[in-house]
Amino acid sequence: MLKLIPVIVFTMILSACSNISNLTLYQQLDGQAGLERLVDSFINQIGNDEQVFHYFEHANISHFRAGFLNHLCVLTDGPCKYTRDSMVEIHTGMHITEADFNHVVDLLINAMNEQNIDHTVQNKILARMAPLRSQIIKI
Amino acid sequence: MNKLKLLFVTVITLSVFDSFASQGKLLATPGVSQVEGSGGGGIVPWAQLAGYASEDEFAINGFCSRADVTDYTLDVCGTQINLFNRVELSYAQQNFAVPALDTEIEQAITGVKVRLYGDIVYSDWPQLTLGAQHKSLDDGTVATLVGAKETSGTDIYLAASKLHLGAIAGYNWFWNITTRYSEANQLGLLGYGGANGGEKLLFEGSTAIFLSREIAIGVEYRQKSNNLGLGEQDWHDLFVAWMPNKYVSVTAAYLDLGSIAGAAEQTGWYLSVTGYW
Ligand code: HEM
Ligand code: HEM
């Protein structure tokens with residue numbers, strides 16, 4: 001049990017650091033400009049990917065860009081209101097597999113790394129996206 | 001020993017050919033390989049099934065591990081097959097060296113594990129898995145000598161695990177708890193059952209924090225029963241796992257295995273490498 005102490009102390013130090021910031025995720029991502037850079041990196045990742053590009057083959061890229069940005073803005077507590085189709089409506093008929101979903105998460109992580117987004121901020125974004133999976137895959 | 005070397009070489013060789021690897025899980029989420037060959041941490045089997053297979057894929061992994069404590073060395077090599085992230089089949093060969101007695105104890109372990117519910121990342125409740133490990137000593141002489149009733153046995157366990165994204169100051173937090181029904185003495189290396197008793201329900205747990213996508217540090221605990229009356233104690237470890245990609249993982253740990261066969265304070269190091277296809 002003694003061995004747990006360093007871990008607990010370490011964890012407490014970590015939490016102390018991160019609580020300094022009361023900024024929203026949106027602000028930590030540098031607002032609209034930051035989101036746009038992230039989404040462009042993400043689109044670039046998808047466009048260069050053999051495994052999932054076929055889902056996007058017939059998509060309208062500027063429509064996707066605007067929609068994903070809008071969704072991300074709401075997801076990160078930005079000053080936006082989501083005005084588009086629901087996740088279920090958008091992804092119905094795509095038959096996205098578990099593996100392809102995770103692959104897109106990998107690509108989003110690549111994009112976040114490309115934009116030098118802090119590891120802990122990345123995790124908070126992923127934590128908000130993860131619960132949406134059931135509205136997106138296998139439909 | 002030659003069998004182990006062969007497996008080790010196979011693991012290393014196969015990690016070079018990564019072309020048909022299944023990759024359907026997120027990095028690091030399958031965990032690594034535990035000392036009895038199942039997907040898990042170092043000493044505890046976890047609820048995740050070994051390898052990166054999602055529900056549409058299968059995966060094959062190979063691993064070798066060495067635990068080097070005060071008076072003993074344990075070498076393990078083995079393999080796991082993951083079928084559609086529903087069933088895990090595993091086989092491992094353990095070689096336990098007791099230099100003081102110039103003796104080696106060998107044991108083969110066949111494992112099966114079935115995912116009953118969930119996904120460690122996405123489901124609301126933890127992933128839940130039921131597993132069994134059938135273990136059999138190649139030569140039961142030492143086990144019989146120290147008073148074990150049998151030279152083979154089967155452990156049954158139920159494991160639950162969850163990865164909480166960004167849960168601790170933005171870092172991903174993992175935990176697993178396992179309850180095991182077993183009569184094994186020191187993993188079965190000293191046989192099964194004894195004068196002090198037999199089957200017992202034992203508790204095991206692991207927890208880790210991911211410092212990055214690739215590196216996790218954590219602790220494990222495994223309760224042990226003292227069937228032989230030789231003062232068998234609970235096991236602990238402190239580990240660092242490095243999972244740089246979906247083809248290989250390396251785990252190092254500090255072990256505290258308590259007293260083994262009358263020799264007290266068995267502490268030391270553990271190193272394990274798993275290759276994934
Ligand atoms: C959401 C949907 C889409 C995404 C994410 C996407 C993304 C990309 C990306 C990242 C590239 C590579 C750019 C580069 O290599 O610098 C690309 C190239 C291209 N895309 Fe798209 N695109 C999408 C939709 C479309 C659509 C609807 C069309 C056609 C109607 C299209 C036609 C092309 C063409 C012709 C290329 C150039 C290929 C080349 O240079 O070899 N894309 N796309
Ligand atoms: C949590 C993960 C995801 C979120 C939050 C998400 C969200 C969105 C949003 C907001 C749009 C824009 C809709 C619009 O145009 O207004 C969209 C479109 C799209 N998504 Fe997703 N998505 C996710 C995962 C995926 C995955 C894993 C795939 C495929 C493997 C996928 C494929 C698509 C495609 C192809 C479109 C374009 C549809 C079209 O315009 O025809 N999405 N998604």
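Note that this is a predicted model, so its numbers are computed, not measured. Just so it is clear: chains get the letters A, B, ... in the order the sequence lines come, proteins before strands, and each one is counted from 1.
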Engaged part of [X] at the chain B interface, taking heavy atoms whose separation is under 4.5 Å:
X        : answer
A:Gln122 : both
A:Ile109 : side chain
A:His103 : neither

### Which portion of B:Asn172 sits near chain A, non-hydrogen atoms under 4.5 angstrom
both
### Summary
Okay, B:Asp234 and chain A: the region with an atom under 4.5 Å from a heavy atom over there is neither
### Query
With the threshold set at 4.0 Å, does a side-chain nitrogen-carboxylate oxygen contact exist between B:Arg222 and B:Glu36?
yes
### Salt-bridge contact B:Lys246-A:Asp106 (side-chain N to carboxylate O under 4.0 Å)
yes
What is the ring orientation for [X] with [Y], classed by angle as parallel under 30°, tilted 30 to 60°, or perpendicular over 60°?
X        : Y        : result
B:Tyr171 : A:His119 : tilted
A:Phe68  : A:Phe64  : parallel
B:Phe174 : B:Trp46  : tilted

